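Step one of this worksheet: look at the structure below.
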Amino acid sequence: MNLILMFTITTTLSLLLVTLSFWLPQMNPDAEKLSPYECGFDPLGSARLPFSLRFFLIAILFLLFDLEIALILPLPWGSQLLNPALTFFWVVVILVLLTIGLIYEWLQGGLEWAE
C-alpha cells in the first residue's frame, strides 16, 4: 500500500513538473539566441582569423580536470567493496598523475593567460 502511494505521488509530481515546464518558460528569441554559433566567433567573417592557443590549452586543462572529477565520483561507493584499499590506491594514482601534470604545466608557464 505504501509503495502504491509513493508511486502515485511521484508520478503525479513528475507530470505536474513536466506540464509546468512547457507552460511557464517565456520565449523571447533574439538574433543572438537564434544564431547557430555560440562560440563567440562571427560566422560570416573570415575563417582564417587567429585563434588563441592559450585559450585552447586552458580549455583542455579544464576538460582534463572535469574528467578527473567524473573518475573520482564513485569513490564513496568504492569504500563499500571487499577490498577498498585497491580503489583508494587507484584514486591516489590518478590524483598524483594529475597533480604532477598540473605542476609541470604551471612551471612551463602554460597557465599564464597574458605574457
Side-chain angles (χ1 to χ4, degrees):
M1 181 68 183
N2 197 12
L3 183 65
I4 294 172
L5 180 65
M6 187 185 322
F7 181 72
T8 306
I9 290 173
T10 56
T11 304
T12 307
L13 184 61
S14 299
L15 289 174
L16 178 71
L17 289 175
V18 167
T19 306
L20 282 175
S21 71
F22 281 112
W23 289 98
L24 285 182
Q26 295 183 5
M27 300 294 186
N28 296 328
D30 58 0
E32 308 289 328
K33 291 181 183 177
L34 293 176
S35 77
Y37 299 97
E38 297 177 357
C39 60
F41 294 116
D42 183 18
L44 303 175
S46 173
R48 303 283 182 219
L49 293 174
F51 184 72
S52 172
L53 187 61
R54 295 214 181 263
F55 176 78
F56 179 74
L57 288 174
I58 297 294
I60 293 294
L61 282 174
F62 172 76
L63 288 175
L64 181 70
F65 284 101
D66 198 34
L67 178 65
E68 168 206 349
I69 291 171
L71 289 174
I72 294 177
L73 274 176
L75 183 61
W77 291 281
S79 65
Q80 313 250 332
L81 295 174
L82 294 176
N83 189 4
L86 185 64
T87 305
F88 293 131
F89 169 75
W90 286 113
V91 167
V92 169
V93 167
I94 291 171
L95 287 176
V96 166
L97 283 174
L98 286 172
T99 304
I100 290 171
L102 180 64
I103 291 170
Y104 174 77
E105 195 70 33
W106 194 343
L107 292 177
Q108 293 296 318
L111 299 178
E112 299 294 327
W113 189 257
E115 294 182 32

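All heavy atoms count here, side chains included; hydrogens, waters and symmetry mates do not. Not measured: the values here are computed from a predicted model.
- Atoms OG1 and CG, from Thr10 and Leu5 in turn, are 9.5 Å apart once rounded to the nearest 0.5 Å.
- Residue Leu107 belongs to a hydrophobic cluster whose other members are Ile103, with links defined by side-chain heavy atoms closer than 4.5 Å.
- In the hydrophobic cluster analysis, where Ile, Leu, Val, Met, Phe, Trp and Tyr join through side-chain heavy atoms closer than 4.5 angstrom, Trp90 is grouped apart from Leu67.
- Ser21 places a side-chain N or O within 3.5 Å of a backbone atom of Val18 that can act as its donor or acceptor partner.
- Separating the CZ atom in Phe88 from the CG atom in Leu86 is a distance of 11.0 Å, to the nearest 0.5 Å.
- Residues meeting the side-chain contact (heavy atoms from CB on, under 4.5 Å) test with Val96, sequence neighbours left out: Val92, Ile100.
- From Thr87, atom OG1 reaches atom CD1 of Ile72 across 12.5 Å, with rounding to the nearest 0.5 Å.
- Closest heavy-atom contact between Leu102 and Phe65: CB-CZ, 3.9 Å.
- Grouping the Ile, Leu, Val, Met, Phe, Trp and Tyr side chains by contacts below 4.5 angstrom, directly or via other members, places Leu64 with Ile94.
- Remark: Leu63 CG is packed, more than 12 non-hydrogen atoms of other residues, nucleotides or ligands lying under 6.0 Å away.
- When each of Leu95, Leu97, Val91 is checked for a side chain to side chain contact (heavy atoms under 4.5 Å, CB included) with Val93, only Leu97 meets the rule.
- A distance of 12.5 Å separates CG in Leu16 from OG1 in Thr11, rounded to the nearest 0.5 Å.
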